[in-house]
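Computed from a prediction, not measured in an experiment: that's the story for all the values here.
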Amino acid sequence: MASNSTKSFLADAGYGEQELDANSALMELDKGLRSGKLGEQCEAVVRFPRLFQKYPFPILINSAFLKLADVFRVGNNFLRLCVLKVTQQSEKHLEKILNVDEFVKRIFSVIHSNDPVARAITLRMLGSLASIIPERKNAHHSIRQSLDSHDNVEVEAAVFAAANFSAQSKDFAVGICNKISEMIQGLATPVDLKLKLIPILQHMHHDAILASSARQLLQQLVTSYPSTKMVIVSLHTFTLLAASSLVDTPKQIQLLLQYLKNDPRKAVKRLAIQDLKLLANKTPHTWSRENIQALCECALQTPYDSLKLGMLSVLSTLSGTIAIKHYFSIASGNVGSSPRSSDLVRLAQECCYHNNRGIAAHGVRVLTNITVSCQEKDLLALEQDAVFGLESLLVLCSQDDSPGAQATLKIALNCMVKLAKGRPHLSQSVVETLLTQLHSAQDAARILMCHCLAAIAMQLPVLGDGMLGDLMELYKVIGRSATDKQQELLVSLATVIFVASQKALSAEVKAVIKQQLESVSNGWTVYRIARQASRMGNHDMARELYQSLLTQVASEHFYFWLNSLKEFSHAEQCLTGLQEENYSSALSCIAESLKFYHKGIASLTAASTPLNPLSFQCEFVKLRIDLLQAFSQLICTCNSLKTSPPPAIATTIAMTLGNDLQRCGRISNQMKQSMEEFRSLASRYGDLYQASFDADSATLRNVELQQQSCLLISHAIEALILDPESASFQESGSAGAAHADSEYERRMMSVYNRVLEEVDSLDRKCTPVSYMHTACLCDAIISLLKVPLSFQRYFFQKLQSTSIKLALSPSPRNPAEPIAVQNNQQLALKVEGVVQHGSKPGLFRKIQSVCLNVSSTLQSKSGQDYKIPIDNMTNSMEQRVEPHNDYFSTQFLLNFAILGTHNITVESSVKDANGIVWKTGPRTTIFVKSLEDPYSQQIRLQQQQAQQPLQQQQQRNAYSRF
């Protein structure tokens, strides 16, 4: 269900093009800076942000900014303005400037110019640098001085700089607060300047005393200057200060509600609503029941739709948070009203059928959130109101193609999914409404409604069968034009059909889909439908669609990619022929499946490129192949109990060894090997999980389920055959079957539970291994393989892209050349890194910290073999650093006491906001050659020279005896 704009794996071109290296690029821009033509100089300056983006390491950024500072110092005002813009665009690279003093010195020299415009640009430049020079007293002094200037441009620049420094420096904020207070209250200060000065007060939150004085000043301003502009700016600054300092948020909510209720000006009311929305998003827990009640009363009384829409927007935000439970809870000493009689519900019920779509949408959302949140209360009437309101909104918006109607429809459909999940007994009527409306709706609305139906059917699979008939009728009569909306609708409808079919598609359904696709010339649509079929486990349909696309691609990499998908679908289709208790046919099915998997992995390897190595896909398929081979081997091992019974002396051997299991012959050792193999596979699935930082949650859950399948079979072998007393199965999601997000997960969980029950029910009273035990293992394998494998989104699409680029110093000019270090000295290894993102950074998870592991091993010795403590033989240390603006840096001190060549490996892994460690890489290696220090070498040589005459004398004495 992804949009066309989403990049596929094969379309992802990676990060860098092979252009100039960093030094050459900097030299090219330096030539432009030295040019005598102003146009070439400006062009060189504006190309610096691109350079920083491509080579984001301090050594280049420091040199580049020093060059820009020189241009700023000697250039004209236009060049200075260009440098200012570059600095503002490159804000996240500023902390990589190493020579901050020298850089600021060159910039600051312009502050003494006679030209007020030059001084103004310098002040803005200093303000932009506030994050790296927050406590520079000369900058603080210049800003204070410029606030008293008679030139408006310079004063505005000083205000900008003062705001930036106040946000960064507590000392500056404390010092400037009184100055700003005097200027704002002074009669000589123009009103427009006062309006620019007031927002600086939002940064006075560094301590409670400062925040309190700023709040008092704003309180005076609001009462002393009642003009609309002053009230709006003061109130908004008031809100931002309260949101940052957190202490005064309840007072601020009361103040805003007071203005909303009593102030007659619409502009002030709008501002109050906007700020209330900000506080509702940031601190919903600070809203009391009285606050919500006051907002409801205002909304009920106002005659203006625009204001009512704003107030309902705030209430709908609050209704999805803890505030709604506070509102309906019975406070101590206070009688709580029932939800049905409250003003909030009355307001929502009134607004559900409002002629303004936005108001109706927010009314319905409030009702839905109340219905879902207050589970313990009897809300039958409210449930009906919510359903009827959603139905009317659906009818209204599905006939309209305008963007506003589509946005409202999305809100309504989200509410439907939420209602179906929170109150399952309402889902049937919701689905019927959607199916009825689907026939008459516009194409844009149909697409959204299909997404909604798919989401409901994934949560409640029992509703799927009822949808199928209506969906097939619609698929037959759908238009055959090649417009984007029609193509999108074909994909969305096919997805719902796959979800609704649950297990296998009937021949009739397949025929209808294929017939419809034959008239569509767009291969991308066919590919997207095939991809959805692979995700839902309909591999026979997917194979036919991939086959039809093979001749429609223009690149051999795309051909091999589609061919590999076709082979994988064919391989999975072979496993659908498995039958319970027919183990010989199971072996032939697995063998047939493996044949196609091996063809597919060869094709997948051919589809990979250096920029797009398809590492996750290759590893996932290799693990699937190894898992199928392990299943096949285990079935053969179970059969060997019949084909190769234990020898006659097996009982004697068992008694001699004291191991009762040896009575069964060779099967005991084979089972042990098989169990170890499944544990090894589970460990490899765990490694794949840890390496997939950018994967979506459904893909990760799929990998987890494969890992649990391996652990389940390993546990079954141990519990039934090897060691039933100590066997235990730890499975992370056995209790979560009710909350499973997909049909694949539900089916796998039911198989796990059934297998565990069978394993527990079998006892071992008669013989160590009986046919019942082996049959239980084989049945477990067949049950697992009968659930069609789901190829999840990350197999096809990479929605989030995160990579780490490391730079080590010192680093050799030639990678194969070692760095020379004396053995009595330690090497200070500096590791710098940059986190690079794709188009959607942090979509699924964000990097909290980076873990750097440095280890060294001795490659080859040189010199004499001295006895050296084991501690000096290797280095191994780990540091955790938090990236700031996607950059991190740390140092390691390494010891190389042994002479010879050492191999240093630096490996990075990341920790996300939930504390989970991901092995993302990269892994970088450098070589170090440990040399003997000159002083030790000199002493050793002197000792050798002193020993030579003594040895010669001893030899002479030996000869003289003879």
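Side-chain contact annotation: Asp275 with His236, donor-acceptor N/O pair under 3.5 Å present. Defined by atom type and a distance below 3.5 Å, a donor-acceptor pair is present between the side-chain atoms of Asn563 and Ser603. Looking only at atom types and distance, the side chain of Thr890 has a donor-acceptor partner in the side chain of Gln879 under 3.5 Å away. Between the side chains of Thr699 and Gln792, no donor-acceptor pair is found at a separation under 3.5 Å. Side-chain contact annotation: Glu832 with Ser889, donor-acceptor N/O pair under 3.5 Å absent. A donor atom on one side chain and an acceptor atom on the other are not found under 3.5 Å apart for Asn164 and Gln168.
Ala162 and Phe172 make their closest contact through O-CE2, 3.4 Å (heavy atoms, listed as atom of the first residue, atom of the second, distance).
Using a cutoff of 4.0 Å between basic side-chain nitrogens and carboxylate oxygens, Glu102 and Arg106 are scored as salt-bridged. A salt bridge links Glu704 and Arg701; the closest N-O separation between the charged side-chain nitrogens and carboxylate oxygens is under 4.0 Å. In this structure, Lys485 does not pair ionically with Glu488, as no charged nitrogen and carboxylate oxygen lie closer than 4.0 Å. A salt bridge links Asp30 with Lys67: the distance from a Lys NZ or Arg NE/NH1/NH2 to an Asp or Glu carboxylate oxygen falls below 4.0 Å.
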*Going through the checks in order, is the side-chain hydrogen bond (donor to acceptor under 3.5 Å, both in side chains) test met by Ser849 and Glu882?*
CA-CA 4 Å; Ser849 60; Glu882 288 191 15; 5.9 Å; no
*Take Glu907 and Arg923, measure what side-chain contact (heavy atoms from CB on, under 4.5 Å) needs, and give me the verdict at the end.*
CA-CA 4 Å; Glu907 189 171 12; Arg923 187 188 180 97; 3.1 Å; yes
*Residue pair Asn885, His93: steps toward the side-chain hydrogen bond (donor to acceptor under 3.5 Å, both in side chains) verdict*: CA-CA 7 Å; Asn885 287 331; His93 299 297; over 6 Å; no
*Test log, rule side-chain contact (heavy atoms from CB on, under 4.5 Å), inputs Met536 and Ser790*: CA-CA 6 Å; Met536 301 303 167; Ser790 169; over 6 Å; no
*Step-by-step side-chain contact (heavy atoms from CB on, under 4.5 Å) determination, Leu33 to Phe48*: CA-CA 11 Å; Leu33 294 178; Phe48 270 91; 3.8 Å; yes
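The closest donor-acceptor contact from the side chain of Ser316 to the backbone of Ser313 lies under 3.5 Å. Within the 3.5 Å criterion, the main-chain N or O of Phe72 finds a donor-acceptor partner in the side chain of Arg80.
For an aromatic pair to be called close, the ring centres must be under 6.0 Å apart, and Phe558 with Trp561 fails this. Taking the six-membered ring wherever Trp is involved, the centroid distance between the rings of Phe620 and Phe568 does not fall below 6.0 Å.
The CG atom of Leu129 sits 9.5 Å away from the CD atom of Gln88 when rounded to the nearest 0.5 Å. Taken to the nearest 0.5 Å, the OH atom of Tyr887 stands 8.0 Å off from the CD atom of Glu95.
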